Amino acid sequence: MPPTVSADATPAPELGVTDIAESLAAIRTATATRVFGKDDRIRLALACLLAEGHLLIEDVPGVGKTTLAHALADALGLSFARIQFTSDLMPSDILGVSVYDRGQAAFTFNAGPIFAQLVVADEINRASPRTQSALLEAMAERQVTIEGRTRALPQPFTVIATQNPLDHSGTFALPDSQLDRFLMRIELGYPPQTAERRLLAGERDTNTPLAPLADAEQLGRWQAAVRSVHTRDAVLDYLLELIAFSRRRGIFEQGLSPRAGLALRRAAQAWALQDARDYVMPEDIQAVLPAVVDHRLTRRDAGAGRASALMREQIGVI
């Protein structure tokens, strides 16, 4: 069972967690004016950015995947680029290419859309594996190697990718190595009827960008604050128990890697910060568990439900 952790700890004053949480709540509220009825998904997406991770949104067309990404970029004051992945997209279309400048008698590098702070890779599985792989170095190391030269990407840097889980015609499934680069995978789903009524009534302003409530420098400070959120020994033991359960033979095709364990901890830290706490509780791990582990684990008994549901059942639900 999960450990009992007292909730009466006082947040560290040097983190300013209360002020940070209030600012993050304002960003969630602003984003919710563009994506109705999805407050929990907005919070998960923001936690992913705070944890310096990349996000995969897997859902049918038209539910607001790109809208969510654009709204977060506006509210956080980040530069934004959207890449429509197609079967004929080339790596140079993402990374950039050198073009000969006759006036200077030299090649000039034209940066591709990957050099934005928030990059949306729309329908990522429609591009060939060669083109998909152009994102691997960028997502893992925040840099790209082009024509033998390594170029740093802007900071902060986040990829939000989308794909349709139902339409597989003309697509290339993401390999496990690339799926693992995404800290979280979420679904938006259809909006509640009350939210959809607001959409149909024309309440959403699709023409005016959200006013920025932060900037890249501010986001960097919040990300540093996430890294300072404390994880007590009892909570670490609980996290280790979840990881160990995933590696037991006969349950999953393969267990969670050390990188996945770090991702789960960092996501929980980001979730805790949004609650104005400078320490992680087991509830934080439970809140982010499905988004962090379900795309990394495959159950051997296919069709028996999601990995996170089994882990909650066996390890304990708070």
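Keep in mind the model is a prediction, meaning the values are calculated, not measured.
Linking Ile, Leu, Val, Met, Phe, Trp and Tyr whenever their side-chain heavy atoms come within less than 4.5 Å leaves Leu78 and Leu153 in two separate clusters. When hydrophobic clusters are built by joining Ile, Leu, Val, Met, Phe, Trp and Tyr residues whose side-chain heavy atoms come closer than 4.5 Å, directly or via intermediates, Leu24 is grouped together with Leu44. Tracing side-chain contacts under 4.5 Å through hydrophobic residues (I, L, V, M, F, W, Y), one never reaches Leu188 starting from Phe36; they form parts of separate clusters. Taken together through direct or relayed side-chain contacts under 4.5 Å among Ile, Leu, Val, Met, Phe, Trp and Tyr, Leu183 and Leu219 form part of one hydrophobic cluster.
Residues Leu179 and Arg296 are not in side-chain contact: their nearest non-hydrogen atoms beyond the backbone lie 4.5 Å or more apart. Side-chain contact between Val235 and Pro282 is present, with at least one heavy-atom pair separated by less than 4.5 Å. In this structure, Val120 and His70 have side chains that are not in contact, with every pair of non-hydrogen atoms separated by 4.5 Å or more. The side-chain heavy atoms of Val280 and Val229, taken from C-beta on, include a pair separated by under 4.5 Å. For the pair Pro61 and Asn164, the minimum side-chain heavy-atom distance is below 4.5 Å. Side-chain contact between Leu200 and Arg197: absent, with no pair of heavy atoms (C-beta onward) separated by less than 4.5 Å. A 4.5 Å side-chain heavy-atom check between Asp74 and Phe80 finds every atom pair outside the cut-off. Side chains of Val293 and Leu256 form a contact here, defined as non-hydrogen atoms less than 4.5 Å apart.
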Open item on the list: The test is salt bridge (charged side-chain N to carboxylate O under 4.0 Å, His left out); show your working for Arg43 and Asp275 and say whether it passes.
Closed with: CA-CA 11 Å; Arg43 179 167 176 171; Asp275 274 341; 3.0 Å; yes

TODO: Evaluate the side chain to side chain contact (heavy atoms under 4.5 Å, CB included) criterion for residues Leu118 and Leu49: first the C-alpha distance (whole Å), next the side-chain angles of each, then the deciding distance (0.1 Å), finally the verdict.
DONE: CA-CA 10 Å; Leu118 195 155; Leu49 268 67; 4.1 Å; yes

TODO: Just do the side chain to side chain contact (heavy atoms under 4.5 Å, CB included) check on Gln254 and Asp176 with the steps written out, would you?
DONE: CA-CA 11 Å; Gln254 59 185 23; Asp176 290 342; 4.2 Å; yes

Task: Residue pair Leu68, Lys38: steps toward the side chain to side chain contact (heavy atoms under 4.5 Å, CB included) verdict - done: CA-CA 10 Å; Leu68 171 58; Lys38 295 296 175 182; over 6 Å; no

Open item on the list: Walk me through whether Phe182 and His295 qualify under ring-ring contact (aromatic ring centres under 6.0 Å, His included).
Closed with: CA-CA 9 Å; Phe182 291 99; His295 63 294; 7.4 Å; no

- [ ] Please assess Gln274 against Arg28 for the test side-chain hydrogen bond (donor to acceptor under 3.5 Å, both in side chains), listing each intermediate value before the final yes or no.
- [x] CA-CA 10 Å; Gln274 293 188 76; Arg28 295 198 305 270; 2.8 Å; yes

TODO: Could you walk me through whether Glu58 and Lys65 pass salt bridge (charged side-chain N to carboxylate O under 4.0 Å, His left out), step by step?
DONE: CA-CA 8 Å; Glu58 192 175 76; Lys65 300 186 293 294; over 6 Å; no

Open item on the list: Run the side chain to side chain contact (heavy atoms under 4.5 Å, CB included) test on Glu52 and Phe157 for me, step by step, so that the C-alpha distance in whole Å, both residues' side-chain angles and the decisive distance to 0.1 Å come before the verdict.
Closed with: CA-CA 8 Å; Glu52 303 172 72; Phe157 172 77; over 6 Å; no

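Of all non-hydrogen atoms in Leu239 and Gly261, the two that sit nearest each other are CD2-O, 4.1 Å. Nearest approach of Gln132 to Ala173, heavy atoms of both residues: OE1-O, 4.3 Å. Looking at every heavy atom in both residues, Phe252 comes nearest to Ser246 through CD1-O, 3.2 Å. Closest heavy-atom contact between Val35 and Gly64: CG2-O, 4.4 Å. Closest non-hydrogen pair, Gly255 versus Leu297, comes out as C-CD2, 3.9 Å. Heavy-atom minimum distance, Leu213 versus Ala26: CD1-O, 3.6 Å.
Geometric assessment of Arg149 against the ring of Phe109 yields a negative cation-pi assignment under the 6.0 Å and 45° thresholds. Relative to the six-membered ring of Tyr279, Arg277 meets both conditions, a distance below 6.0 Å and an angle of at most 45° to the axis.
For the pair Thr131 (side chain) and Ala127 (backbone), a donor-acceptor distance under 3.5 Å is absent. One N or O on the side chain of Asp93 and one on the backbone of Met90 form a donor-acceptor pair closer than 3.5 Å. No donor-acceptor distance shorter than 3.5 angstrom exists from the side chain of His230 to the backbone of Asp278, with no hydrogens or angles considered. Of the possible donor and acceptor atoms, none in the side chain of Thr145 sits under 3.5 Å from a partner among the backbone N and O of Gly148.
Salt-bridge check for Arg299 with Glu253: failed, with every basic side-chain N at 4.0 Å or more from each acidic carboxylate O. Using a 4.0 Å cut-off between a side-chain N of Lys or Arg and a carboxylate O of Asp or Glu, Arg259 and Asp180 qualify as a salt bridge. Of the charged side-chain nitrogens involved, none lies within less than 4.0 Å of a carboxylate oxygen, so that Asp59 and Arg41 do not count as a salt-bridged pair.
Taking CG of Leu95 as the reference point, atom CD1 of Ile146 lies at 5.0 Å (rounded to 0.5 Å). Rounded to the nearest 0.5 angstrom, Gln286 CD and Ser308 OG are separated by 9.0 Å. Taking CZ from Arg142 and CD from Gln155, the interatomic distance works out to 6.5 Å, rounded to the nearest 0.5 Å. With rounding to the nearest 0.5 Å, the separation of CD1 in Ile243 from CZ in Arg265 is 11.0 Å. Remark: Leu174 CG to Leu56 CG distance equals 6.5 Å, nearest 0.5 Å. Atom-to-atom distance recorded for Leu236:CG and Ile285:CD1 is 8.0 Å, nearest 0.5 angstrom.
At most 12 heavy atoms of other shown residues, nucleotides or ligands fall within 6.0 angstrom of atom CZ in Arg130. Gln193 CD: 12 or fewer foreign heavy atoms inside a 6.0 Å radius.
Counting only N and O atoms by type, the side chains of Arg204 and Thr33 include no donor and acceptor under 3.5 Å apart. Counted by atom type alone, Gln117 and Thr158 present zero donor-acceptor pairs between their side chains at under 3.5 Å. Residues Gln178 and Arg181 have side chains that never bring a donor and an acceptor to within less than 3.5 angstrom of each other.
Taking Phe172 as the reference, nothing meets the ring pair (Phe, Tyr, Trp, His ring centres under 6.0 Å) condition, with sequence neighbours excluded.
Residue pairs meeting the salt bridge (charged side-chain N to carboxylate O under 4.0 Å, His left out) criterion with at least one partner in residues 102-125, sequence neighbours excluded, are Arg82-Asp122, Glu123-Arg126.
Note: Tyr100 and Phe107 have perpendicular aromatic rings, judged against thresholds of 30 and 60 degrees for the angle between ring planes.
A side chain to side chain contact (heavy atoms under 4.5 Å, CB included) with Arg34 is found for exactly one of Ile42, Asp205, Leu72, namely Asp205.
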